[in-house]
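Written below as structure tokens is the structure these notes are about.
Computed from heavy atoms alone, side chains included, the values below leave out hydrogens, waters and symmetry copies. Quick caveat, the model's predicted, so the values are computed rather than measured.
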Amino acid sequence: ITLTENVTLDSSRAGGASITLEAINAETASSAETLTLIADAGSITFNGAVGATNALGAISITSAKDVSVESTVRAASLTQVAGSGTTTLKGAVSTTDVAGVSLTTTNLAVNASITTTGRGTVTFNESGTITIAATGDITADGEVSLTATGGISTAGNISTSNDNITFVSATTLTGNVDLSTNTGGSNISFNNTLTGGFDLSLNAGTGNVTFANTVGATRLGAITIVSATDVTATTLTAASLTQQAGAGTTTFKGALDLDAGAAATILNLTNVKTIVFENAATVNTANDGAIVLDGTDSGTLTIGTGNISSDGSVTITDFTSISLGADITTTADTIDIENAVTLTDDVTLSGTTATLRYTIDSDATARDLTVNATTTTFQAALGSNSALDVLTTDAAGTTSFDTTTLKAAKVALGDDVVLDQSLTMTVTDDVTIGGSLNSATGETNADRKSTRLNSSHIPLSRMPSSA
């Protein structure tokens with residue numbers, strides 16, 4: 001069929017009879033005749049290629065039951081206003097106008113690719129479901145917005161030319177999915193729940209990534225955020241979560257539960273300027289899952305009162321400061337904190353090795369710090385700006401002080417103590433050392449396994465065994 005002028009086909013007067021079209025083209029490469037179809041309760045079928053030789057202008061479907069596109073479509077735009085059944089795209093669709101592809105019906109099945117140019121948007125708004133196959137990738141020169149009252153199932157990738165991608169409705173991944181808004185400041189948003197046991201890669205450039213509702217009622221696979229400015233997540237359950245770059249703030253508002261089933265770094269936030277774990281944001285990793293929180297040397301880390309429980313090591317580095325109000329517990333693994341810490345609540349650190357490389361202070365309220373580790377190392381001043389309340393270490397292993405200053409209300413060191421520098425303790429209550437006291441040169445206080453010192457200012461400087 002060749003259209004020589006704009007055409008409307010209307011079968012509604014025949015009680016909603018079906019409309020079936022074979023291959024159809026515009027008259028010339030530039031004439032772009034339009035096609036309007038009205039089937040009411042009837043169905044519409046495109047059996048042949050549309051615009052394969054000469055692309056059509058706007059294709060508009062005013063009403064239909066089912067719509068089946070069996071082959072490719074080339075047109076200025078493709079629009080469906082209403083549909084009582086299922087619209088199925090089996091052939092690749094490409095459009096050139098800003099109107100792009102806009103489909104409003106009951107159910108939609110996208111089994112082939114969609115490509116828009118000319119700032120063309122892609123808008124799906126269904127009262128039933130949207131199903132996007134792995135072959136249904138969307139490449140849009142405008143925004144992409146998907147809405148389906150009955151939910152979205154997708155295995156298709158989506159990329160835009162610096163335009164937003166929005167999943168308005170509940171979404172289930174049925175395959176690995178890549179979403180990209182390019183390098184500009186456009187956002188990727190999941191406004192409802194997200195689930196499905198597959199991997200998800202997100203590249204928002206300088207835009208934001210938002211998970212507004214629960215992620216992972218069925219545990220997702222690996223979630224990778226290639227780049228974003230701000231990232232916001234509520235409850236999130238996945239195999240792993242990796243962010244490779246973040247120029248703004250990454251905020252967690254609910255529990256994180258990560259399990260890749262094998263040893264790996266499964267919470268890996270790298271080159272992220274500022275990270276915030278709100279009070280409700282607990283973290284749990286399983287199966288030797290390690291945690292790395294790595295800033296950009298220009299932002300801060302805030303960990304509220306939600307505890308961190310890791311079955312692997314915990315490494316925190318490259319922040320200007322850390323606010324810590326939660327316990328950090330590992331299963332026989334290391335804890336390495338490489339920046340200045342302000343305690344905002346009483347905190348317990350538990351692991352085989354705990355290394356605290358910079359200063360530790362209380363906030364406006366004196367806070368307890370308890371470290372349960374075989375090897376504990378303090379490499380900078382404790383309480384020098386705002387004194388601790390009670391500093392406690394457990395009875396196993398060794399605590400090393402490579403610092404000159406410790407200020408606290410009370411100090412209870414249950415294990416052996418090693419001084420790497422001359423250390424001055426300013427304490428208002430008791431100092432208890434439950435094990436031996438050694439300097440780094442090997443001098444010991446072997447005869448006094450528990451030494452209580454009650455002075456308010458107690459200098460300890462490589463004490464000899466007779467002390």
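The side chain to side chain contact (heavy atoms under 4.5 Å, CB included) check on Thr104 picks up Asn125, with sequence neighbours excluded. When the side chain to side chain donor-acceptor pair (under 3.5 Å) test is applied to Ser321, no partner is found at least two apart in sequence or on another chain. For the side chain to side chain contact (heavy atoms under 4.5 Å, CB included) test, residues two or more places apart in sequence or in another chain that qualify with Asn208 are Asn187, Thr229, Asp230. Scored by the side chain to side chain donor-acceptor pair (under 3.5 Å) test, Thr296 finds Ser298 as partners (sequence neighbours excluded). Listed by chain and residue number, Asn284 satisfy the side chain to side chain contact (heavy atoms under 4.5 Å, CB included) test with Ser309 (two or more places apart in sequence, or in another chain). Partners of Arg219 according to the salt bridge (Lys or Arg N to Asp or Glu O under 4.0 Å) rule, which considers only residues two or more places apart in sequence or in another chain, are Asp257. A search for side chain to side chain contact (heavy atoms under 4.5 Å, CB included) contacts involving Asp368 returns Asp346, Asp389, Val390, not counting sequence neighbours.
Listed by first and then second residue, the ring-ring contact (aromatic ring centres under 6.0 Å, His included) pairs that reach into residues 368-387 are Phe378-Phe401, sequence neighbours excluded. Among pairs with a residue in residues 226-282, those fulfilling ring-ring contact (aromatic ring centres under 6.0 Å, His included) read Phe252-Phe277, at least two apart in sequence or across chains. Sorted by first and then second residue, the ring-ring contact (aromatic ring centres under 6.0 Å, His included) pairs with a member in residues 302-357 form an empty list; sequence neighbours excluded.
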Which atom pairs, donor and acceptor, lie under 3.5 Å between side-chain atoms of residues 58-69 and protein residues at least two apart or in another chain?
| residue | atom | partner | partner atom | Å |
| --- | --- | --- | --- | --- |
| Ser63 | OG | Asp40 | N | 2.9 |
| Asp66 | OD1 | Thr86 | N | 2.8 |
| Ser68 | OG | Glu70 | OE2 | 2.3 |

Expected list for residues 134-143: side-chain donor-acceptor pairs under 3.5 angstrom, two or more places apart:
| residue | atom | partner | partner atom | Å |
| --- | --- | --- | --- | --- |
| Thr135 | OG1 | Asn111 | O | 2.6 |
| Asp137 | OD1 | Asn157 | N | 2.9 |
| Asp141 | OD1 | Ser161 | OG | 3.1 |
| Asp141 | OD2 | Gly118 | N | 3.3 |
| Asp141 | OD2 | Arg119 | N | 2.8 |

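Screening Thr331, Asn287, Thr285 for a side chain to side chain donor-acceptor pair (under 3.5 Å) with Asp311, the sole residue that qualifies is Thr331.
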